[in-house]
Participant: 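Here it is, the structure, as structure tokens.
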Amino acid sequence: MTDYKSTLNLPDTDFPMRGNLAQNEPKMLNNWTKDGLYQKIREACAGRPNYTLHDGPPYANGNIHIGHAVNKILKDFCIKSKTLSGFDAPYVPGWDCHGLPIENQVEKKVGKAGVKVPFGEFRQKCRDYASKQVEGQKKDFIRLGVFGDWDKPYLTMDYDTEADIIRSLAKIVDNGHLHRGFKPVYWSVVGGSALAEAEVEYHDKTSFSIDVRYAPENEAEVLDKFTAVGDGTVDASKSEGQVSAVIWTTTPWTLPSSQAISAHADLDYALVELDLSSEDDSRLGKGKERIILAEAMVEDILQRWGVEEHKVVARAKGSDLENLVFKHPFAERKIPLILGEHVTTDAGTGLVHTAPDHGMEDFVVGKEYGIGTLNLVGPNGVFAEETPEVPGQHVYKVDEPITEMLADKGRLIRQDKIRHSYAHCWRTKTPLIYRATPQWFISMAQNGLRESALEAIKGVRWVPDWGQERIEGMVDGRPDWCISRQRTWGVPLCLIVNKETEELHPRATDLMEQVAKLVEENGMQAWFDLELSELLGDEANDYVKIEDTLDVWFDSGVTHSAVMGRRDELSEPADLYLEGSDQHRGWFQSSLLTGIAMNGHAPYKAVLTHGFTVDANGNKMSKSLGNVVAPLDVINKLGSDILRLWVGSTDYRSEITVSDEILKRTADKYRRMRNTARFFLANLKGFDPKTDVVSPEDMLPLDRWAVAKTLQVQNEIKTAFDDYNFMVATNAMHHFCSFDMGSFYLDIIKDRQYTAKAGSLAHKSCQTALYHIVQAVCRWFMPVLSFTAFEIWQQIPGEKGQEIFWQTWYEGLYANADNAEMTEQDWKLIDSVKTECNKALELMRKDGKVGSSLEAEITLYASDEVANVLEKLEDELRFVLITSQAKVVRGDEGEPTEIEGLKLDIVASEHKKCDRCWHRREDVGAVESHPELCGRCVTNVEGEGEVRLYA
RNA sequence: CCCCGGAUAGCUCAUUCGGUAGAGCACAUGCCUGAUAAGCGUGAGGUGGCUGGAUCGAAACCAGCUCUGGGGACCA
């Protein structure tokens, strides 16, 4: 028996079936780094149109988590797919280096700045710490397969960046957006600093809940504003008891700063006669009295207090009560009643105790009535010595004493505890207070910043589109941006103000430029070391340096100027900013506002957001839940390409789910894609594109169909990448591999590929198709499966001379000819006929009549319509159906199928199996010298080779 | 409390106009042993969240409800 196997063209390749990604990827990375791959890509792309994705800097602290990985990988998809689309798409990664978290870390190690360590040394320690963090994160980002200028990233603490941050502020000052003011800001009494809005977290907190009496200066005057129920006059004969306005608060500690009572102009207020005495505490009430409450809330309030009997004796409109004067419950102070829109009937009494020092709305409404701040609470949360009742005490500790004291003075009505959501510091997790402090602001109104920003938002493309509404709402409603902080590790504002007037120096921004030059040389410490006399000479005595530091959001917010504006390879405005959806509040907004304030336009043309990663149950990842998926664990187990494919398979616009199950499925998907590529390569063995490529018009119709199909899918994929719709792109790739290729084209061509004479048209036509397909597919994979695409690229035959990483979309694909004998429609019908045959064959298998489909012979009874298509393939229909015989008969016999006009009759072949091609043919053994072979195999082994016309 | 989505197979998601519900994965099962730690085939499965309405006819249109995601507001 001859060994005919050696006469076959069996697939063969060095491309391994299994990627061993965890081991092999690091090797590839090493080589890439050694070769200076990123620079090579830049050189290769020189002259192409620029595409700038500006990196939002992650904070330089801690290990990278899955959210970092998702963000960087999505950016990498953009960069690489834009490169495929013919752009020069550089990527300059950055890090946000200043700020409280690093300060806290360093403080833990070396102690408090200015106490244990000099400020300058502390800053150097912070700089060292940040550098270390950057290096650690960088290593991990590189391992993700993210391409970028890792040798020359931007750091917000680079000297020249620090200098440019100062210059950016100078420009904003020049453009008239800066102002100084006292304002209540969220203040961390533990951190001793003002907080940015984005640094505020809400947690549940148990607070006091107290109702307090404010007595009128002149009772008669108050009663005069009320109209009695009944005959219209209020006098002692109809009702009795002391009169008071009642407020409710959950922050007794703000009472020392209480300066007004707010009412709503449109609300009805009732004068209620009742008895508030209580068995629990004899101090709470002493017989009949009359109190003022919002009428709509009377029932609820009395129920809360446990008072059953009451009488509404008179009522008044809120607007009638304006400017009535009350007494502070314990301080020597007059308390006017004022009107404000913020008063509601949701909770409380309808009368709001107002302390401009400690509430944003209080501050605003106070301003309208000319009531300023008292500044009784210091930076550390301790009351000033002149504070009534609680001098020198800490705000966290006075709630109880104040409540007790109110009771003693007969001002307390009821006290209780309430659990509610309350603002906390995101770092120290301690409750925040509002505190009026001198701060520097970028004004939203003073020079039309808000209007310009809202206008600019309309010119930006927001993906998904609700992003626009979101940021519009935020910009529309936000207060002025407080950019000053009282911290150590931050870029100084570098403002110089007059000691007396507190006005900026007339040449303030020129001086800032001088400082910026010093900072460029020596870093921001230069400002702190600077003697004013060096800048101002004799004038120095009249001026003082502001040593506040900038909000870190300002640092990253101005990178459009300090980084994009400085680096030649980047163009401003950027084509894309891409960050998590929390950055609508953060970086997107800080960048927008500074962009407008400095240059009058948004620093980006498009903004893309992604959601957060959650576990299979939709829970946020947290250490305490133990559901954290660490990107490096995934990489070390499955490889970067799997992690990347997961990111590429997910709808990142909302929540992104990750679990072991999902990653396992992703790995399956990867194997399918990898194996398909492997099969392409294995069948290209011996193929030399220079000499072996068959021209389109000479190719077999099935092979042309395959190329045309590939072109069609490529167009879908291009569109998907253009739309940043990576899920659709990877799905299209996977579907192409398993459906169009695996279960149709590749299955059919195995016979021809293996058995046709090597180098014959039948063989080369097929290889030509596979060659074009793998060229295209390798590029499709590249943005997502970067490592795998690189591996595939090495194995594609022929001279390529260049790396996959700067290729553009493959242009060697072509559509079917317009006048083609076999159309896309025809192949679609043939595919469904094949499905019907498979069903019928499956029944035969169940009965044990056939095993492999090659054991069967099929007669297809077809209507004219169906037959017209099937007959186009002539005898080669059997190769498409993968049976030994397929005969089309116009008629109506056989078993019906789901296709109208198609019935089938299948029998097991009685012919001998050809030892070489495994088909069962009548002519097996017809040639004496090859008793085990069928006719076509004989010509393939020692003749001209069989001729295939269609498939 | 307000606004916007979603609810379809075990899972992830499709379904252009209102006309007998569709894919992938997973599962089950068979074939092959020339893609072999692969490949191919076949199959089962669904009260389209609930209730009501207009319609010859609804998963799709309308109303209400439930659950869920996102955003906003409030948080004295």
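Just so we're on the same page: letters track the sequence lines, and every chain starts at 1. Small disclaimer: the values here were computed from a predicted structure and weren't measured.
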Participant: Do A:D14 and A:R678 sit within salt-bridge range, that is, some charged N less than 4.0 Å from a carboxylate O?
Facilitator: no

Participant: By nearest atom, which of the nucleotides B:rG34, B:rU42, B:rA37 is closest to the A:K5 side chain?
Facilitator: B:rG34

Participant: What integer number of Å spans the C1' atoms of B:rU55 and B:rU66?
Facilitator: 26 Å

Participant: Based on the glycosidic angle (syn within 90° of 0, else anti), state the conformation of B:rC61.
Facilitator: anti

Participant: Suppose you measure atom C1' in B:rC27 against the same atom in B:rC11; what distance do you get, rounded to whole Å?
Facilitator: 11 Å

Participant: Stepwise, does the side-chain hydrogen bond (donor to acceptor under 3.5 Å, both in side chains) test hold for A:T835 with A:S832?
Facilitator: CA-CA 5 Å; A:T835 300; A:S832 56; over 6 Å; no

Participant: Using atom CG of A:L10 as one end and atom C1' of B:rU36 as the other, report the distance to the nearest whole Å.
Facilitator: 13 Å

Participant: Using a 4.0 Å heavy-atom cut-off, does A:D668 contact any base of the nucleic acid, only the sugar-phosphate backbone, or nothing at all?
Facilitator: sugar-phosphate

Participant: Nearest whole Å is fine: how far is B:rA35 P from A:K685 NZ?
Facilitator: 15 Å

Participant: Checking base pairs now: Watson-Crick or wobble, both atom distances under 3.5 Å. What partners B:rU36?
Facilitator: none

Participant: Which value, in whole Å, describes the distance between the C1' atoms of nucleotides B:rC75 and B:rG22?
Facilitator: 48 Å

Participant: Any donor-acceptor pair under 3.5 Å linking the side-chain atoms of A:Y652 with those of A:T609?
Facilitator: no

Participant: Please state how far atom CD1 in A:I906 lies from atom C1' in B:rG41, giving the value in whole angstrom units.
Facilitator: 12 Å

Participant: Touch check for A:N675, heavy atoms < 4.0 angstrom, all strands: base, sugar-phosphate only, or nothing?
Facilitator: base

Participant: Only pairs with both distances under 3.5 Å count, Watson-Crick or wobble alike; so what is the partner of B:rA9 in this structure?
Facilitator: none

Participant: Would you say the rings of A:H919 and A:F879 are close, in the sense that their centroids are separated by under 6.0 Å?
Facilitator: yes

Participant: Determine the Euclidean distance between corresponding P atoms of B:rG49 and B:rC13; express it in Å to zero decimal places.
Facilitator: 15 Å

Participant: Checking base pairs now: Watson-Crick or wobble, both atom distances under 3.5 Å. What partners B:rG64?
Facilitator: B:rC50

Participant: Does this structure show an ion pair linking A:E842 with A:K839, if we count only N-O contacts that are shorter than 4.0 Å?
Facilitator: no

Participant: Measure from the side-chain heavy atoms of A:M17 and tell me the nearest of B:rU36, B:rG72, B:rU33.
Facilitator: B:rU36

Participant: Mind checking if A:T835 touches a base, just sugar-phosphate, or nothing, with heavy atoms under 4.0 Å?
Facilitator: sugar-phosphate

Participant: Please check: side-chain N/O of A:R845 versus main-chain N/O of A:G851, any donor-acceptor pairing under 3.5 Å?
Facilitator: yes

Participant: Touch check for A:K750, heavy atoms < 4.0 angstrom, all strands: base, sugar-phosphate only, or nothing?
Facilitator: base

Participant: Between the base of B:rA35 and the side chain of A:R678, is there a donor and acceptor pair under 3.5 angstrom?
Facilitator: no

Participant: Is the A:H353 ring parallel, tilted or perpendicular to the A:Y214 ring (thresholds 30°, 60°)?
Facilitator: tilted

Participant: I'd like to know if A:K834 and A:D831 make a salt bridge, using a cut-off of under 4.0 Å between side-chain N and carboxylate O.
Facilitator: no

Participant: Just how far, in rounded Å, is C1' of B:rA35 from CG of A:D747?
Facilitator: 11 Å

Participant: Look up atom OH in A:Y670 and atom OG1 in A:T788, then write down how far apart they are to the nearest 0.5 Å.
Facilitator: 2.5 Å

Participant: Closer than 4.0 Å, any side-chain N/O of A:T13 to the OP1 or OP2 of B:rA35?
Facilitator: no

Participant: Report yes or no: does A:Q767 contribute a side-chain atom to a donor-acceptor pair with the main-chain N or O of A:N683 at less than 3.5 Å?
Facilitator: yes

Participant: Under 4.0 Å from OP1 or OP2 of B:rU36: is there any side-chain N or O of A:R671 that close?
Facilitator: no

Participant: Once each nucleotide of nucleotides 6-15 of chain B is scored for protein heavy atoms under 4.0 Å, what B/S/- sequence comes out, 5' to 3'?
Facilitator: -----S----

Participant: Examine distances only and state if a side-chain atom of A:D915 and a backbone atom of A:L933 form a donor-acceptor pair shorter than 3.5 Å.
Facilitator: no

Participant: Work out how far the P atom of B:rA63 is from that of B:rG69, and round it to whole angstrom.
Facilitator: 24 Å

Participant: Looking only at the side chains, is there a donor atom on one of A:E472 and A:Q468 sitting less than 3.5 Å from an acceptor on the other?
Facilitator: yes

Participant: For the P atoms, the ones on B:rA23 and on B:rG41, what distance do you get once it is rounded to whole angstrom?
Facilitator: 14 Å

Participant: Looking only at side-chain atoms of A:S743, point me to the closest of B:rC40, B:rA76, B:rG34.
Facilitator: B:rC40

Participant: Report the base-pairing partner of B:rA44 (Watson-Crick or G-U wobble, both distances below 3.5 angstrom), or none.
Facilitator: none

Participant: Give me the distance, rounded to whole Å, that separates B:rU36 from B:rC31 when you measure between the C1' atoms they each carry.
Facilitator: 14 Å

Participant: In whole Å, I'd like the distance from the CE atom of A:M844 to the P atom of B:rU42.
Facilitator: 16 Å

Participant: Nearest-nucleotide wise, let me know which of A:T254 and A:F739 is further upstream toward the 5' end of RNA chain B.
Facilitator: A:F739

Participant: B:rG39, OP1 or OP2 - any side-chain N/O from A:R672 closer than 4.0 Å?
Facilitator: yes

Participant: OP1 or OP2 of B:rU42 versus the side-chain N and O atoms of A:K839: is any pair under 4.0 Å?
Facilitator: no

Participant: What does A:R916 touch in the nucleic acid at a heavy-atom separation under 4.0 angstrom: a base, only the sugar-phosphate, or nothing?
Facilitator: base

Participant: Judged by each residue's nearest nucleotide on RNA chain B, which is more toward the 5′ side, A:M474 or A:R18?
Facilitator: A:R18

Participant: When you check the phosphate oxygens OP1 and OP2 of B:rA35, does a side-chain N or O of A:Y754 lie under 4.0 Å from one of them?
Facilitator: yes

Participant: What is the distance, rounded to the nearest whole Å, between atom NZ of A:K664 and atom P of B:rA26?
Facilitator: 7 Å

Participant: On a whole-Å scale, what distance lies between the C1' atoms belonging to B:rC1 and B:rA26?
Facilitator: 43 Å

Participant: Separation of A:I882 atom CD1 from B:rU42 atom C1', in whole Å?
Facilitator: 15 Å

Participant: Could you run down the sub-3.5 Å N/O contacts of the protein with nucleotides 28-32 of chain B?
Facilitator:
from   : atom 1 : to     : atom 2 : distance (Å)
B:rC31 : O2'    : A:G851 : O      : 3.3

Participant: Can you tell me the pairing partner of B:rU55 across any strand shown, Watson-Crick or G-U wobble, with both distances under 3.5 angstrom?
Facilitator: none

Participant: Quick one: does NZ or CZ of A:R674 land under 6.0 Å from the six-membered ring centre of A:F781, within 45 degrees of the ring axis?
Facilitator: no

Participant: Quick one: A:M741 CE to B:rA38 C1', roughly how many Å, whole number?
Facilitator: 18 Å

